[in-house]
Amino acid sequence: MTPLPISFYLRDDVLLIAKELIGKVIETNINGQRTSGIIIETEAYAGIDDKASHAYGGRRTKRNEAMFGTGGNAYVYLCYGLHHLFNVVTNKNDVPHAVLIRGVLPFQGIATMENRRRLKATHPRFSTGPGTLTQALGIGMQHNMIGLQCNELTIRDGNFIIAEDEIKTTPRIGVDYAGEDALLPYRFLLHGSSLDRLRGALSGLDENR
DNA sequence: CGCTTGATTCGC
DNA sequence: CGAATCAAGCGA
């Protein structure tokens, strides 16, 4: 299975990319352990005019430097001093667009992820939430700024077909500080019924394909 | 410098 | 509901 092409990430429309990432597969290969998850929730952060974005007003620091890099790189940062949050950088160099990955469905390497999380994969908060999925997949600061075509951390198309009407759109979470931009419908997630359908499809699949 | 606040999670 | 835990970001 091949990584999504760079052209996927270089496009201007970060909202469209955030929506299209639903159903795609994040895969990590760390110390010979392959783990992966299917993306079920994302948020778009739309550049220097977006008050919720770390890059609002053109703010450029050591932390958010990755956002100013080229699309197709990872932006990983520490939140609340303890959680690593994983973003996909989009658009061209110096246009700081990004998509925050907020939830995945456990797919491959479930035993490895259960060890990292010290939780059973059936636990409701196993990998739903931006800080828990990074822990499950083993994503950390060592992945900040790396290209998503690499073996260690990549996103590919798992051919899970998601229809337009299976995706719900809401305001973003935890961005109250962003004033009126906190109300923008920039969060995308699978409907509950579609989640169940996906879960059902997964239970019939060979985990090692 | 020192103080405040997060793109959060978990346990009580 | 509050603790954990640290680096931006901001004002002095």
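Letters A, B, ... are given to chains in the order of the sequence lines, protein chains preceding strands, and every chain is numbered from 1.
Checked against the 6.0 Å centroid threshold, Y77(A) and H54(A) count as a close aromatic pair.
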Protein-nucleic acid N or O pairs under 3.5 Å, nucleotides 7-12 of chain B:
residue, atom, partner, partner atom, Å
dA7(B), OP1, H54(A), NE2, 3.0
dA7(B), OP2, Y177(A), OH, 2.5
dA7(B), N9, Y77(A), OH, 3.3
dA7(B), N7, H54(A), NE2, 2.9
dA7(B), N1, N87(A), OD1, 2.5
dT8(B), OP1, R102(A), NH1, 3.2
dT8(B), O2, H83(A), NE2, 2.8
dT9(B), OP1, G129(A), O, 3.4
dT9(B), OP1, P130(A), N, 3.0
dT9(B), OP1, G131(A), N, 2.8
dT9(B), O4', H83(A), NE2, 3.0
dC10(B), OP1, R117(A), NH1, 2.8
dC10(B), OP1, R117(A), NH2, 2.8

* To do: Fill in the dot-bracket string of DNA chain C, one character per base: . for unpaired, | for a pair to another strand, ( ) or [ ] for pairs within the strand, taking Watson-Crick or G-U pairs under 3.5 Å.
  => ||||.||||||.
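Across all their heavy atoms, G58(A) and F68(A) have their closest contact at O-CZ, 4.0 Å.
Side chains of E20(A) and R11(A) form a contact here, defined as non-hydrogen atoms less than 4.5 Å apart.
Note that the first and last nucleotides of DNA chain C, 5' to 3', having any atom under 4.0 angstrom from a heavy atom of chain A are dA4(C) to dG9(C).
Taking the charged nitrogens against the carboxylate oxygens, D13(A) and K19(A) have no contact shorter than 4.0 Å, which rules out a salt bridge. At a threshold of 4.0 Å, the pair E41(A)-K168(A) does not count as salt-bridged, since none of the basic side-chain nitrogens sits closer than that to a carboxylate oxygen. A salt bridge links D12(A) with K92(A): the closest approach of a Lys/Arg side-chain nitrogen to an acidic carboxylate oxygen falls below 4.0 angstrom. Classification of R102(A) and E43(A) as a salt-bridged pair holds, one side-chain N sitting under 4.0 Å from a carboxylate O.
Checking S36(A) against E27(A) by side-chain atom types alone, no donor-acceptor pair falls below 3.5 Å. Residues R116(A) and T35(A) bring a donor and an acceptor atom of their side chains to less than 3.5 Å of each other.
In this structure, R59(A) fails the cation-pi test against Y56(A), since its NZ or CZ atom is not both closer than 6.0 Å to the six-membered ring centre and inside 45 degrees of the ring normal.
Using C1' as the reference atom, dC10(B) and dA7(C) are 22 Å apart when rounded to the nearest Å.
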